[in-house]
There are 2 protein chains.
Amino acid sequence: MVQRRLLDIAVREFSLKGLEGASTRDIAAAAGTVMSSITYHYGGKEGLYLAAADYIAEQMGHGMVDGPVEAMDIAEPTPTEARLALQDLLGRFVDKMIDEQTAHWSLFIVREQMNPTEAFDRIWRGMMGHMMEHLVVLLRAATGRRDDKATRVAAITVVGQVITLRSSRASCLKLLGTAEFHEDDVAAIKARIASNIDALLDTLTAEQQEPQ
Amino acid sequence: MVQRRLLDIAVREFSLKGLEGASTRDIAAAAGTVMSSITYHYGGKEGLYLAAADYIAEQMGHGMVDGPVEAMDIAEPTPTEARLALQDLLGRFVDKMIDEQTAHWSLFIVREQMNPTEAFDRIWRGMMGHMMEHLVVLLRAATGRRDDKATRVAAITVVGQVITLRSSRASCLKLLGTAEFHEDDVAAIKARIASNIDALLDTLTAEQQEPQ
DNA sequence: GTCTATACTACGATAGAC
DNA sequence: GTCTATCGTAGTATAGAC
């Protein structure tokens, strides 16, 4: 399918070079067609860019959630269930950030993170927002915390530990003195993050029972 | 000075559009000169790109270290000193990641993180590497830990919590339901990260005394 | 739906005037 | 050092053939 191939290449090219830097001729040629099919299918370069954002939003969910995204929003687990679900979710998130598949579209997202356009809204609404809110729900359920802001700040520090594996990939690898993440590296990272989350949940719970 | 203006604009443009996407004509025009002065001063587009990388490496240190970078590598603090130095360093790092000044060059670095070229080596050698290694030294000193890998993995989870404030800026803001980081947001984030670091140091120290 | 042909603008590099 | 002029290449968009 031409449109699928166009989107695959577009994601890669827009990631590397941005909306302005990428060339529709190059994208079309790499997809085995000509530039004017982009005009036909997406109305032009910007249309393709937004379509690429939607395509990325869809791919973000692969391996992260089972079933429809909206189902995540309504669950109300017990503290123990929430703690397990958190560890499970973040473990899968680590795998995803280390997976080479992610490399193709993560720079696209970071660009939008720092300089948001309509494309970021689409990605946030499509998948990322639901996942982040789900994380907040799990954190709240695991700690019995009613202070919304504190929970959301905690969520930021939790995802930050994982996202860095992708957004600061070269630094992480230099720090570990390796050219690729190996099995034992990943295991060590996962264990450390799991431990950090456990400590954070304990602290948040304690703060809640004895505020200030 | 023409060269200074050229570098300022170049950093911004290369950040947003990458090496290929940015236009030397635009950069020169914004700096109040013409394209051929880039050829004259830097030998061409790539020369300007590398010069921009060096310029960024220099700016990264502002507000983070006093005195020369190399001085950081030799200190051997006590555990208490190290803990304080860690908290101080990370606090300043949070300020830097939230500072709008950082916005201009952070995407440049992330691009190089995910797709390293010679420019990343320059940035790493210039400042980032020294800071990261300094962090590892402080972590080791604070925990008395001799397991190098575990310390380095811990360092990754620590910087990750801070870097995310910049590399996932839009997500953090959406999560907090605000358009800008306000004073109380920053205070809450700093407190949370400080608490997380303390918990991590305690855990690392305990693990060391009673391995496995 | 997919292609060719064409129009127009912008790119980086370079040579040479001042 | 800084500029103008020019070359060859590559960019997006559009109209229209099939």
Side-chain angles (χ1 to χ4, degrees), chain A residues 1-56 58 104-105 107-108 111-112 115-120 122, chain B residues 1-56 58 104-105 107-108 111-112 115-120 122:
Chain A
M1 200 181 188
V2 180
Q3 307 206 28
R4 171 70 175 245
R5 283 204 310 273
L6 273 175
L7 283 177
D8 273 324
I9 311 284
V11 164
R12 208 166 314 199
E13 288 296 299
F14 284 135
S15 261
L16 287 172
K17 303 171 190 171
L19 170 60
E20 307 193 354
S23 147
T24 53
R25 252 198 255 270
D26 286 355
I27 293 171
T33 180
V34 288
M35 201 236 78
S36 43
S37 357
I38 291 177
T39 312
Y40 176 76
H41 287 296
Y42 304 102
K45 200 190 208 187
E46 259 177 274
L48 180 61
Y49 186 78
L50 291 176
D54 291 335
Y55 189 57
I56 287 172
E58 184 205 318
H104 299 136
W105 43 263
L107 190 55
F108 188 112
R111 188 194 313 279
E112 289 290 330
N115 230 286
T117 70
E118 192 194 328
F120 183 76
R122 292 195 183 205
Chain B
M1 199 184 190
V2 180
Q3 305 203 30
R4 170 71 175 243
R5 283 205 309 274
L6 272 174
L7 283 177
D8 274 324
I9 311 282
V11 164
R12 209 167 312 203
E13 289 295 299
F14 284 135
S15 261
L16 286 171
K17 304 171 188 169
L19 170 60
E20 307 194 352
S23 147
T24 53
R25 255 197 251 269
D26 286 355
I27 292 171
T33 180
V34 289
M35 201 229 71
S36 44
S37 32
I38 291 177
T39 313
Y40 177 76
H41 286 296
Y42 304 101
K45 198 190 207 185
E46 258 177 275
L48 180 61
Y49 186 78
L50 292 176
D54 292 334
Y55 189 57
I56 288 172
E58 184 206 317
H104 300 137
W105 43 263
L107 190 55
F108 189 112
R111 188 194 313 279
E112 288 290 331
N115 229 287
T117 70
E118 191 194 328
F120 182 75
R122 293 196 181 204

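A note on names: the letters A, B, ... follow the listed sequences, proteins ahead of strands, and every chain is numbered from 1. Note that the coordinates shown come from a computational prediction; the quantities given were computed from them, not determined experimentally.
Contact annotation for A/Ala22: backbone-only contact, meaning every heavy-atom pair under 4.0 Å involves sugar-phosphate atoms and none involves a base. Among the protein residues, B/Thr39 comes within range of the nucleic acid bases, having at least one heavy atom under 4.0 Å from a base atom.
One interatomic measurement links the two molecules: OH of A/Tyr49 to C1' of D/dG11, which rounds to 18 Å at whole-angstrom precision. Between B/Lys45 atom NZ and C/dA10 atom P the separation is 16 Å, expressed in whole Å. Counting to the nearest Å, the P atom of D/dC3 and the CG atom of B/Leu6 are 10 Å from each other. Going from atom CE of B/Met35 over to atom P of C/dA13 covers 6 Å, rounded to whole Å. When the P atom of D/dC3 is taken as reference, atom CZ of B/Arg25 falls 14 Å away, rounded to whole Å. Rounded to an integer number of Å, the gap from A/Ile38 CD1 to C/dT4 C1' is 16 Å. Rounded to whole Å, atom C1' of C/dG12 lies 13 Å from atom CD of B/Glu20.
Ring geometry, B/Phe108 versus B/Tyr49: the interplanar angle falls under 30°, so the pair is classed parallel (tilted spans 30 to 60°).
The residues B/Arg4 and B/Asp8 are annotated as salt-bridged, a charged nitrogen and a carboxylate oxygen being separated by less than 4.0 angstrom.
For A/Thr33, counting side-chain heavy atoms from C-beta on, the closest listed nucleotide (C/dA15, C/dC3, D/dT12) is C/dC3. Side-chain proximity of A/Val34 to the nucleotides D/dG11, C/dC3, C/dG12 is greatest for C/dC3. Checking D/dG1, C/dC11, C/dT4 against the side-chain heavy atoms of B/His41 singles out D/dG1 as nearest. In this structure, of D/dG11, D/dT12, C/dT2, it is C/dT2 that holds the atom nearest to the side chain of A/Tyr40.
A distance of 9.0 Å separates CG of B/Leu7 from CG of B/Asp54, quoted to the nearest 0.5 Å. Separating the OG atom in A/Ser23 from the NZ atom in A/Lys17 is a distance of 7.0 Å, to the nearest 0.5 Å.
The base of C/dC11 does not come close enough to the side chain of B/Ser23 for any donor and acceptor atom to sit less than 3.5 Å apart.
Remark: the A/Thr117 side chain and the A/Glu112 side chain contain an N/O donor-acceptor pair separated by less than 3.5 Å.
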